[in-house]
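The chains referred to below are lettered A, B, ... by the order of the sequence lines, with proteins before strands, and numbering in each begins at 1.
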Amino acid sequence: MPELPEAERARALIEARALDRTIVAVDDADTYVCRPHAPGEIAAALTGHKLTTAHRRGKTLWVETGGPVLGLHLGMAGRFVVNSPPAPRGWDRFALEFEGGGRLALRDKRRLSRAVLDPDLSRLGPDAAEATRAQFRERIGRGSAPVKARLLDQKAIAGVGNLLADETLWRAGIDPRRSVGELDLDELDGLRRSLRAATRDAVRHGGVHTGKMIRERRRGGHCPRCGATLERATVGGRTTFWCPRDQPAG
DNA sequence: AGGTCTGTTCAGCT
DNA sequence: TAGCTGAACAGACC
């Protein structure tokens, strides 16, 4: 599932394989993925330009061209492929073709990825792996939401999805249902350290599914640290697993 | 074949 | 205003 680590790998792929090449054609025919643009709008804006730099904050990517900015999001099942033959069944939801051959496609069996001109980043919090201790205390520690719900809030901090949230809370030893308001500063700082470590490991190892706890994250799975059977419930509207022994209720 | 689950975002509630 | 719910998408799985 694309979360911050997958988005970072996607950004690096674009940077390595798709910069500085003249765009000669754009497939923006999917009006859901490219909403609110009409077919041809993104094509008209980008054709003739080159991608110059690839950026990311949280799960949101954007690419500069010298002209318009192209925003990209992987949604729940999206990934980028370079120079692959077109996918069957319209699974390539958006694509750029480059002069002299070469193609960058946004491949997504579902249809929740996005491509949009001049993306609005104003409602996005600081990147989850970059947030300072002061920012983290302020943006995560205030209010009354369950801590997991707050970690998932992209305007609080950007980049944490369901799996990375579970892995982070497990590393920090914090029950996902606890209210952010009752976390002390040591717990908030520890949570930030766990988030940075979990994110770094996931980027290095190839994605959030490589997390220590994520591999046991299923009904009847066991805590990799103490062996207790993992608990399961809905928290913040999302399926949540945690260790009842290592992540004690507040 | 049909029902449930998956995850992210956003509109629309309380 | 903060927090919660459901809709949107479409495929995987039972």
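Backbone-only contact: A:R232 has heavy atoms under 4.0 Å from sugar-phosphate atoms and none from a base. At the heavy-atom level, A:G237 lies nowhere under 4.0 Å from the strands shown. Within 4.0 Å of A:R150, counting heavy atoms only, lie sugar-phosphate atoms of the nucleic acid but no base atom. At a threshold of 4.0 angstrom between heavy atoms, the contacts of A:R114 with the nucleic acid are absent.
If you measure from atom CZ of A:R219 to atom P of B:dT4, you get 13 Å, rounded to the nearest angstrom. Look at CZ on A:R111: it is 18 Å from P on B:dT9, rounded to the nearest Å. Separating the CG atom of A:D153 from the C1' atom of C:dC4 is a distance of 12 Å, rounded to the nearest angstrom. Atom CZ of A:R142 and atom P of C:dG3 are 12 Å apart (whole Å). Straight-line distance from the CD1 atom of A:I140 to the P atom of C:dG3: 11 Å, rounded to whole Å. Going from atom CG of A:L74 over to atom C1' of B:dT8 covers 11 Å, rounded to whole Å.
Between A:T22 and A:K50, the shortest heavy-atom distance links the atoms OG1-CE, 3.3 Å.
Under the salt bridge (charged side-chain N to carboxylate O under 4.0 Å, His left out) rule, A:D166 has a single partner from A:R238, A:R217, A:R215, A:R171, which is A:R217.
For C:dA10, neither phosphate oxygen OP1 nor OP2 lies less than 4.0 angstrom from any side-chain nitrogen or oxygen of A:W91. Phosphate proximity of C:dA8 to A:R35: absent, as no side-chain N or O sits under 4.0 Å from OP1 or OP2. The side chain of A:H73 places an N or O atom within less than 4.0 Å of a non-bridging phosphate oxygen (OP1 or OP2) of B:dT9. Applying the 4.0 Å criterion to OP1 and OP2 of C:dC9, one finds that A:K109 has every side-chain N and O outside that range. In this structure, A:T239 does not reach the B:dC5 phosphate: none of its side-chain N or O atoms is under 4.0 Å from OP1 or OP2. Residue A:S144 has no polar side-chain atom (N or O) positioned under 4.0 Å from OP1 or OP2 of C:dA2.
Cation-pi geometry between A:R35 and A:Y32 is met: the NZ or CZ atom falls under 6.0 Å from the ring centre, inside 45° of the normal.
You'll find a donor-acceptor pair under 3.5 Å spanning the side chain of A:R110 and the base of B:dT6, going by distance alone.
The hydrophobic cluster containing A:V203 does not contain A:L164, counting ILVMFWY residues as joined when their side-chain heavy atoms lie under 4.5 angstrom apart, directly or transitively.
Annotation: A:R123, atom CZ; neighbour count of heavy atoms from other residues, nucleotides and ligands within 6.0 Å does not exceed 12.
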